[in-house]
Novice: 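Right, I'll just put the structure down here and ask away after.
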Amino acid sequence: MARFVLNRALKAVLTIWIAITATFFLLRLLPGDPTTLMVEGDMTPEMRAALLKTYGLDRPLFEQYVAYLRELLHGNFGISFRQIQPVSDILLDRLPWTLLLAGTAFVLTIAVGIPIGVFAAAHRDRWPDKVLQGFGIGGHALFVPSVAMLLLVFVGARLGWFPIGGAIDPDTRGAAAYLSLAHHLVLPVLSLVLVQLGPYALTLRTNLVDVLGEDYIRAARARGLSGRRRLWKHALRNGFLPALTLMGLQLGTLVGGAVLTETVFAYPGIGRLIFEAVGQRDYPVLQGAFIMLAITVVVANALTDLLYAVLNPRIRL
């Protein structure tokens with residue numbers, strides 16, 4: 001087990017390094033000059049040269065890359081070109097909102113998806129199963145921004161049931177603040193859940209249908225175990241393992257979907273920060289945001305692999 005954990009940790013570190021490297025060089029390919037956005041009005045060549053030197057942008061690209069890696073090892077993400085404050089402070093201010101959005105959507109997807117998948121497997125080839133199959137296949141074709149825009153226009157703007165932007169009403173305190181937070185969270189979370197729920201429940205249903213045909217399930221039936229107990233205690237334990245892998249993959253999709261959803265709903269998370277930083281050519285903020293999201297996805301997938309290894313020791317081989 002220790003060797004498996006070490007191997008998985010090394011792969012995670014390598015993946016994060018690749019993400020850091022790709023992010024650093026790709027952002028330098030963006031058109032435009034970040035120095036033109038740091039000063040209002042006309043900028044003299046002397047002012048531009050001074051700004052480039054201050055932020056180390058006058059050095060060769062490889063030297064900038066090495067210096068950036070050195071600073072990252074010390075936990076320094078740099079200084080924002082636009083906001084003139086540490087990027088780490090900006091990210092820590094926005095990260096809780098993204099974690100709240102993606103985490104809530106993830107928990108709801110699992111909590112709702114498992115009963116739906118189990119129910120469809122127990123009613124194979126009947127109307128609940130056919131409805132889930134259609135919903136699951138359709139879920140693969142859904143695009144998060146499209147779903148978010150539809151909810152924003154029809155449910156938020158026209159019906160007025162939920163707010164269409166922001167994360168909380170200003171000047172709210174106590175219980176009213178929590179209610180406002182939940183009220184603002186409904187549409188962004190629903191956008192993510194609608195896209196993720198169908199494919200996840202369909203995958204679980206397919207796995208359970210295969211497991212229900214195994215010999216040990218027939219043996220459990222011969223011993224007189226009830227259908228509910230065979231389904232929830234015996235079949236789900238093994239049918240859940242492939243769905244567990246999908247959960248890890250969905251975490252990455254949820255994080256990417258949260259970035260798009262935050263932009264649509266003007267939600268103050270990392271995704272909205274990325275949208276703002278792109279227009280400002282704020283390299284340090286963009287790098288820090290992408291790296292933080294990459295680390296979140298890699299760590300989540302590594303933990304999923306470890307949990308899978310605990311539940312199914314055969315994969316350690």
Side-chain angles (χ1 to χ4, degrees), residues 91-120 128 131-132 134-136 138-204 243 246-247 249-276 289 292-293 296-297 300:
L91 294 176
L92 291 176
D93 183 57
R94 298 289 191 101
L95 182 61
W97 297 106
T98 297
L99 292 179
L100 176 63
L101 174 59
T104 303
F106 180 75
V107 171
L108 283 177
T109 300
I110 303 304
V112 178
I114 290 178
I116 291 177
V118 172
F119 186 75
V131 170
L132 174 61
F135 181 55
H140 285 288
L142 294 177
F143 188 42
V144 173
S146 301
V147 176
M149 287 298 299
L150 288 174
L151 291 175
L152 184 147
V153 172
F154 290 102
V155 181
R158 292 192 178 181
L159 298 178
W161 290 353
F162 300 100
I164 60 173
I168 190 172
D169 292 329
D171 301 325
T172 53
R173 298 291 184 274
Y178 289 104
L179 290 175
S180 175
L181 179 64
H183 199 211
H184 283 77
L185 200 61
V186 170
L187 291 184
V189 167
L190 189 58
S191 302
L192 297 175
V193 172
L194 287 176
V195 174
Q196 300 289 330
L197 181 59
Y200 175 77
L202 182 59
T203 300
L204 181 60
L246 181 62
M247 286 169 53
L249 296 175
Q250 280 189 325
L251 283 173
T253 306
L254 277 173
V255 171
V259 171
L260 300 172
T261 303
E262 288 174 5
T263 303
V264 173
F265 291 100
Y267 192 82
I270 297 293
R272 182 68 180 178
L273 179 65
I274 291 174
F275 176 77
E276 296 168 352
M292 184 165 288
L293 293 179
T296 301
V297 173

Novice: Which residue pairs pass the salt bridge (charged side-chain N to carboxylate O under 4.0 Å, His left out) test with at least one member in residues 185-198, sequence neighbours excluded?
Specialist: none
Novice: Quick one: list whatever passes side-chain contact (heavy atoms from CB on, under 4.5 Å) with Ser180, sequence neighbours left out.
Specialist: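 So Ser180 forms a side-chain contact (heavy atoms from CB on, under 4.5 Å) with Ile168, Asp169, His184.
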Novice: Quick check for you: to the nearest 0.5 Å, what is the distance between Trp97 atom CH2 and Arg94 atom CZ?
Specialist: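 Spacing of CH2 (Trp97) from CZ (Arg94) equals 10.5 Å.
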Novice: For residues Ser191 and Phe265, report the shortest heavy-atom separation together with the two atoms involved.
Specialist: OG-CE1, 3.6 Å
Novice: Say you draw a straight line from OG1 of Thr109 to CD of Gln196; how long is it, rounded to the nearest 0.5 Å?
Specialist: 6.0 Å
Novice: Can you name the closest pair of heavy atoms from Ala289 and Ile270 and give their distance?
Specialist: CB-CG2, 3.9 Å
Novice: What residues form a side-chain contact (heavy atoms from CB on, under 4.5 Å) with Val155, not counting sequence neighbours?
Specialist: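 Counting only residues at least two positions away or on another chain, Val155 forms a side-chain contact (heavy atoms from CB on, under 4.5 Å) with Leu151, Trp161, Phe162, Leu187.
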Novice: Check side-chain contact (heavy atoms from CB on, under 4.5 Å) between Leu108 and all other residues, then give those that pass, not counting sequence neighbours.
Specialist: Thr104, Val189, Val193
Novice: On a heavy-atom basis, which atom in Val147 and which in Leu194 lie closest, and how many Å separate them?
Specialist: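 Scanning both residues completely, I find the closest heavy atoms to be CG1-CD1, 4.1 Å.
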Novice: Enumerate the salt bridge (charged side-chain N to carboxylate O under 4.0 Å, His left out) contacts for residues 181-196, please, sequence neighbours excluded, ordered by first and then second residue.
Specialist: none
Novice: Report the distance from atom CG of Leu273 to atom CG of Asp93, rounding to the nearest 0.5 Å.
Specialist: 9.0 Å
Novice: Nearest 0.5 Å, please: how far is CG in Leu185 from CG in Leu190?
Specialist: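 Those atoms lie 10.5 Å apart.
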Novice: Taking only residues two or more places apart in sequence, or in another chain, which ones meet Thr98 in a side chain to side chain donor-acceptor pair (under 3.5 Å)?
Specialist: Glu262
Novice: Kindly compute the distance separating OG1 (Thr261) from CG (Leu152), expressed to the nearest 0.5 Å.
Specialist: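 Here the interatomic distance stands at 11.0 Å.
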